[in-house]
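Written below as C-alpha cells is the structure these notes are about.
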Amino acid sequence: MKTLFKQTALAAMIGLSTPALASVAYVSNEKDNTLSVIDTETQEVIETINVGQRPRGILLSKDYTKLYICASDDDTVQVLDLATRKIVDTLPSGEDPEQFALHPNNKHLYIANEDDAIVTVVDVDTKDVLAQIDVGIEPEGMAVSPNGKWAVNTSETTSMLHWINTETFEIEKNIVVGQRPRHVEFSKDSKIAWASAEIGGTVHIIDVDNLEQIHEMSFKVPGVNQDRVQPVGIELTSDGKYAFVALGPSNHVAVVDAETYEVLDYLLVGARVWQLDLDKDEKHLYTTNGVSGDVSVIDVEDLKVIKSIKVGRYPWGVVIDPTS
C-alpha cells in the first residue's frame with residue numbers, strides 16, 4: 001500500500017492520472033479485539049487495528065468518514081476515523097451492545113442492549129441518549145429502513161420483531177417470527193423486510209406498508225443436518241435480484257431469488273458463516289466465518305466461492321467502505 005500511495009503522489013505532481021484505489025473491507029474479530037482491513041482488489045489483509053473488547057457489530061457513517069464499532073464487553077460504541085484508522089471517540093451504548101443501525105439522517109444510532117432488554121437511541125453528534133425503549137428479552141438485531149420511517153429490533157427469546165416509529169421512539173407493532181430472530185434487512189425501496197430466525201431455521205418476509213408477514217422460507221442444505229441450518233446475516237443486491245442468507249454452522253450461504261423467494265443454490269464457505277457484505281460494484285460478496293477464522297469471497301455473477309482470506313479469531317461483522 002505504501003508503494004501505491006507514492007505512485008499516486010508522484011502522478012499528481014507530474015500531472016498524470018492517478019491509479020484508482022480499491023475499496024477496503026473492515027472485519028471485526030471478536031476474540032482478538034481487532035479489526036482486519038482487507039484490500040478488496042488484492043483480497044489480502046493490509047492492516048490490523050486494535051479496538052475494544054469483543055467487537056461485533058460494525059457499520060459506516062452515511063458520509064463514509066467514520067466506522068462505528070460495538071465493543072460489547074466494554075459496554076460502549078467506539079468511533080474509528082476512516083482517514084487515520086484511529087479510534088477517536090466513544091459513544092454511550094447501554095450494556096452489551098451487539099448490533100446497531102444508523103438512521104439515514106446520519107445522527108440517530110439505534111443500539112440493541114441484549115442484557116437490559118432495551119434499545120438505546122444515541123445522537124452521534126451530541127452523545128445525548130435520546131431514548132431507551134423497552135423491547136423483548138435478549139434484543140439482538142437492529143435495522144433502520146432506508147426511508148428512515150422504521151427502526152426494527154429482533155428479540156431472541158421473545159421471538160419478535162419490534163417496529164419502532166423513528167419520530168416518536170415508540171413501538172407501533174410486534175410481529176412474532178421463528179425462534180431466535182437475529183437479523184433484519186430492508187429492500188432498497190423500504191417496502192420489504194427480511195428477518196432471519198436462527199433456531200427456527202427460517203427467514204420471514206414482511207410487507208412493510210401493512211406490517212404483515214407475506215412469506216416464510218426454510219432451507220435444506222444437502223448433506224447437512226437440519227439443526228445446523230441456522231439463518232443469521234442477510235444481504236440483498238440493489239437490483240432486487242438476489243438475497244444471500246448466511247446459514248451459520250451449516251457452513252453455507254443460500255442464494256435466493258429475491259422476487260420469487262426460491263432458493264437457487266447453496267454455496268459452501270467457511271465454518272459458522274455469520275455476516276455478509278457486498279463490495280461497491282456488487283461483484284463480490286464477503287462473508288465472515290467465525291470458527292474457521294476467515295472471510296470467503298463469492299463471485300456474484302458466477303455464484304462461486306473464489307477465495308478464502310485469513311483474518312483474526314472469530315470474525316463477526318464485515319462492512320465495505322466504497323469510497324476508500
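For the single chain, residues carry numbers from 1 onward in sequence order. All of these numbers come straight from a predicted model, not from anything done at the bench.
Formation of a donor-acceptor pair under 3.5 Å by the Thr126 side chain with backbone atoms of Asp128 is found in this model. When atom types are taken as modelled, the side chain of Ser196 and the backbone of His183 share a donor-acceptor pair closer than 3.5 angstrom. Using a distance-only test at 3.5 Å, with no hydrogens or angles considered, no donor-acceptor pair links the side chain of Ser72 to the main chain of Pro55.
Gln53 and Asn33 share no side-chain donor-acceptor pair at under 3.5 Å. For the residue pair Ser155 / Asn153, no side-chain donor-acceptor distance below 3.5 Å is found, with atom types taken as modelled. Side chain to side chain, Glu172 and Asn165 meet the donor-acceptor criterion of an N or O pair below 3.5 Å. Under 3.5 Å, the side chains of Ser238 and Glu282 contain a donor-acceptor pair of N or O atoms. No hydrogens or angles considered: nothing links the side chains of Ser250 and Arg228 as a donor-acceptor pair under 3.5 Å. Of the N and O atoms on the side chains of Arg85 and Tyr26, at least one donor lies less than 3.5 Å from an acceptor on the other residue. Side-chain atoms of Ser61 and Asp63 form a donor-acceptor pair, as typed in the model, at a separation below 3.5 Å. Asp81 and Thr65 share no side-chain donor-acceptor pair at under 3.5 Å. Side-chain contact, Asn29 with Ser36: a donor N or O sits under 3.5 Å from an acceptor N or O. There is no side-chain donor-acceptor pair under 3.5 Å between Thr288 and Gln275. Side-chain contact check for Ser23 and Asp279: no donor-acceptor pair (N or O, by modelled atom type) lies under 3.5 Å.
In this structure, CG on Leu109 lies 11.0 Å from CG on Asp125, to the nearest 0.5 angstrom. Residue Tyr110 holds its OH atom at 6.5 Å from CD1 of Ile133, rounded to the nearest 0.5 Å. Here the CE-CD1 distance, from Met142 to Ile164, works out to 5.0 Å after rounding to the nearest 0.5 Å. Between the OG atom in Ser296 and the CD1 atom in Ile306 there is a gap of 10.5 Å [rounded to 0.5 Å].
Heavy-atom contacts from other residues, nucleotides or ligands closer than 6.0 Å to NZ of Lys241 number 12 or fewer.
Ring geometry for Tyr242 versus Phe244: interplanar angle of 30 to 60°, hence tilted. Relative orientation of the Tyr261 and His215 rings is parallel, given thresholds of 30° and 60° on the angle between their planes.
Under a 4.0 Å N-O distance rule, the pair Glu212/Lys173 qualifies as a salt bridge. Ion pairing of Arg182 with Glu98 is present here, as a side-chain N (NZ or NE/NH1/NH2) and a carboxylate O approach within less than 4.0 Å.
No continuous path of ILVMFWY side-chain contacts below 4.5 Å connects Leu60 to Val77, so the two sit in separate hydrophobic clusters. Using a 4.5 Å cut-off between side-chain heavy atoms of Ile, Leu, Val, Met, Phe, Trp and Tyr, with links allowed through other members, Leu264 and Leu276 fall into the same hydrophobic cluster.
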